[in-house]
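Note that the coordinates shown come from a computational prediction; the quantities given were computed from them, not determined experimentally.
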There are 2 protein chains.
Amino acid sequence: MIGVRSKIWFAIRGSPLIGQGRRDLLVYIDHFGSISAASREMGISYRKAWSSIQAMEECLGKKLIVRRRGGRDGGTASLTDVAKELIAKYDRVAGGLSELIDHRFEEVVKEQGKIH
Amino acid sequence: MIGVRSKIWFAIRGSPLIGQGRRDLLVYIDHFGSISAASREMGISYRKAWSSIQAMEECLGKKLIVRRRGGRDGGTASLTDVAKELIAKYDRVAGGLSELIDHRFEEVVKEQGKIH
DNA sequence: GAGCGTTATGCAAATATGGCATATCGAATA
DNA sequence: TATTCGATATGCCATATTTGCATAACGCTC
């Protein structure tokens, strides 16, 4: 019935840089080679994906995506080294945390009380 | 420059029940004896505090605050046992987590890389 | 029953979010 | 060099969420 949820994100001067959703977006772009394919696979609009990338790059002040317009396939996108480093660091900080929190939660909630 | 932030909250059927902000609000109400004094001390509007309480009670289906209107002081508010139990359980799940995350973050960020 | 400060709530303004439509681009192809 | 294609890029608007303002309702005290 009652459950626990959590979010973790990097921020610069209070503005969000990257969280789980944006991290996933970067990974998808890396895998599919374009922003549009990545957003399609994730089930989000291209507009949203593009806005997320824009926000990340503006926040960090560095390019995360190499964009190429034109070509037979219309264009492609790939990650910069900075983006790959960002993903790796985020994963190392956030990794396993939700499992840890879930475990703590089970310990606490299985006790007697008015809340179940 | 770059930092890490996190949130943890309890939810019921996807809708948020309690997070750090609402937890603090309950503690302030317990301490000051009224919703209005609590919101004043927290620097939030009474409207926001009231809405938060409403949302929590509706989500959980149990009363968290005993409200009394009228009287010399205009009215008072205090916590039910359910509210106290909720605070205690939240604290035991969320307690120390931000320190743990901060520690992990320092470990990761102090390494060499393009991101500082 | 008048006064007081609280609880309670409608409503509008401000802000954030998300989708639609369309312009723009440039390598490949003919 | 002109056409084609699918991707990138972006303005605009509808919707949802958040926030604050104003005010009503309450009931104990005096």
Salt-bridge present (B/E85, B/K89; N to O < 4.0 Å) = yes
Taking the side chain as C-beta and beyond, is there a heavy-atom pair between A/K7 and A/Q20 under 4.5 Å?
-> no
Below 4.0 angstrom from OP1 or OP2 of D/dT8, is there any side-chain N or O of A/W50?
-> no
Would you say B/R5's side chain and A/W9's backbone share a donor-acceptor pair under 3.5 angstrom?
-> no
Anything under 4.0 Å to a heavy atom of chain B counts; send over the first and last such nucleotide of DNA chain C, read 5' to 3'.
-> C/dG5 to C/dC11
How is A/A77 classified with respect to the nucleic acid when contacts are heavy atoms under 4.0 Å: base, sugar-phosphate, or nothing?
-> sugar-phosphate
Letter by letter from the 5' end, nucleotides 20-30 of chain D scores (B base, S sugar-phosphate only, - none; protein heavy atoms under 4.0 Å) BB----BBBSS
Here the gap from B/I53 atom CD1 to B/L64 atom CG, rounded to the nearest 0.5 Å, amounts to 8.5 Å
Tell me, yes or no, whether the heavy-atom count around B/Y28 atom OH, taken from other residues, nucleotides or ligands under 6.0 Å, exceeds 12.
-> no
Does B/E58 CD have over 12 foreign heavy atoms under 6.0 Å away?
-> no
Decide whether B/S78 and B/R68 meet the rule of one side-chain donor and one side-chain acceptor closer than 3.5 Å.
-> yes
Taking the side chain as C-beta and beyond, is there a heavy-atom pair between B/R92 and A/E111 under 4.5 Å?
-> yes
